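Data first, discussion second: the structure below is written as structure tokens.
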Amino acid sequence: MSDRIPGWEGSVGPFPSQYGRTHVYARDVQSGAGNCVCGRHLGHSLHIQAAPGVPVPDTLR
């Protein structure tokens with residue numbers, strides 16, 4: 001299953017065509033707010049993990 005989750009490999013993150021699918025959060029280094037490359041915050045429902053194997057903290061949901 002993990003090979004089908006965009007961003008799971010940790011090196012690239014999701015591609016633009018995958019931004020609407022659930023994916024692993026990939027911080028946009030250009031974002032002053034620390035958003036994902038998809039433009040959404042870490043606690044957004046599309047982010048299934050904060051990093052490969054690291055759950056999104058419940059306090060951010």
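Every value quoted in this text rests on a predicted model; they were computed, and no experiment measured them. Throughout, numbering of the chain's residues begins at 1 and tracks the sequence.
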Q.
How close do Pro52 and Gly7 get, counting heavy atoms only, and between which atoms?
A. CG-O, 3.9 Å
Q. Can you tell me how far CZ of Arg40 sits from CG of Asp28, rounded to the nearest 0.5 angstrom?
A. 13.0 Å
Q) Going by the angle between their ring planes, with limits at 30° and 60°, are Tyr19 and His23 parallel, tilted or perpendicular? A) tilted
Q | Minimum heavy-atom distance between Gln18 and Pro6, given as atom pair plus value | A | OE1-CB, 3.5 Å
Q | Spacing of CZ belonging to Arg21 relative to CZ belonging to Arg4, to within rounding of 0.5 Å | A | 9.5 Å
**Q.** Separation of Asn35 CG from His47 NE2 (nearest 0.5 Å)
**A.** 8.0 Å
Q) At what distance, to the nearest 0.5 angstrom, does SG of Cys38 lie from NE2 of His44? A) 7.5 Å
Q) Quick one: does Leu42's side chain get under 4.5 Å of Val56's, heavy atoms only? A) yes
